[in-house]
Amino acid sequence: MPRTSQGKFVTEASRVFQEGDDFWKAGKYEEAALKYQESAGLYNKNDDAEGEAFALTRLGELELSLDNFDRAEEVLSAAAELVKDKDYAQNTYGDILIKLSKGYADGGDTAKALSTVKKAQEVLAAIDNHDLLGDAYDQEAYIFMVRNQEDEALKAYRKAAELFRRDGIGLKEASTLRAIARIEMKKKNYEEAHDVLEKCRTLYRENGDLLGEASALSAIGCLRYIIRDIANARKALMKSVYLYGRVAHHFAEAEALLYLARVEAFDKEQGDYDRAKLHYRRSIDLFDFLGNDTMKRVVLDEYHTFLNRIA
């Protein structure tokens, strides 16, 4: 659905739609909802079913963000009806089904969420849309995670990752690989998890996502600490701390410093107690700066326990 051409709005409907987006960004949710409804009405007058569905879908997303699940279902279902039989709008139809599935899942109806996302997969596979099909499998994995069916979630995540890889969507593939690694770590498949995290890190770096790369490095460091590979745990966590500092993500930086302190505090032979003290104190200072008294107390208690141990 084209909204602008050479910087100008194509239709009055697209202009009103943008007003809805502006209100949403400003936190004016009621005004945004009214604008999306107005936009949908204007598209309807122009016999633009896909445009109307797009406006209703955005309204549905707004309602989902406000946890208004019944209203979201009503709006998204109406949007789906508009395009389900339109050959030219099957991408839009599949996307709406994914959002409907999210609404059902967040509302607690995982059975309906699963059947809906399966329908989305059928629609998107038929038109060979790897990107949205990957999103559909990612949503299926989320449903299985909610159900604590980790093996099924893992299968779905792997399908999603492969689809994103085939379409060259690096950041989505990296995010999905990160989810796979979490499950593999929980299952204590550490070598598999490490390989996945290294791929994840490479993708984030290639796409210039410093925050994502820092997160992957932090996970690698924690994994290496678990298997007592102290030297490589240190390397990964030091890089992670550096990158978090570059993007000024102080909470994550403070967490990574805590993990790094634990690495240095592991023992006298492989660690460095003086560095451990520095990392603990830096972590405490950052949590204090952020006003996070809970985490500050946690790190303080752990720091004092460490000091007592080495005294």
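Everything quoted here is computed from the prediction, not taken from an experiment. Position 1 is the first residue of the sequence; numbering continues from there.
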Got a sec: does the [atom1] of [X] have more than 12 other heavy atoms crowding it under 6.0 Å?
X	atom1	value
Lys172	NZ	yes
Met295	CE	yes
Asp70	CG	no

Can the ring centroids of [X] and [Y] be said to lie less than 6.0 angstrom from one another?
X	Y	result
Tyr280	Phe306	yes
Phe17	Tyr36	yes
Phe289	His250	yes
Phe23	Tyr29	no
Tyr244	Phe251	no

Does a salt bridge link [X] with [Y], judged by any charged N lying under 4.0 Å from a carboxylate O?
X	Y	result
Arg158	Glu184	yes
Arg262	Glu302	yes
Asp151	Lys187	yes
Arg165	Glu173	no
Asp285	Lys296	no
Lys159	Asp138	no

Side-chain donor-acceptor pair under 3.5 Å between Tyr104 and Glu73, yes or no?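 Note: Tyr104 and Glu73 side chains meet the donor-acceptor criterion.
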
Can Gln18 and Asp22 be counted as having a side-chain donor-acceptor contact under 3.5 angstrom?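 Looking only at side-chain atoms, Asp22 and Gln18 do form a donor-acceptor pair, the distance falling under 3.5 Å.
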
What distance do [X] atom [atom1] and [Y] atom [atom2] have between them, rounded to the nearest 0.5 Å?
X	Y	atom1	atom2	result
Ile98	Leu124	CD1	CG	5.5 Å
Ser240	Leu257	OG	CG	9.0 Å
Glu63	Leu56	CD	CG	11.0 Å
Leu237	Tyr259	CG	OH	9.0 Å
Phe287	Glu255	CZ	CD	5.5 Å

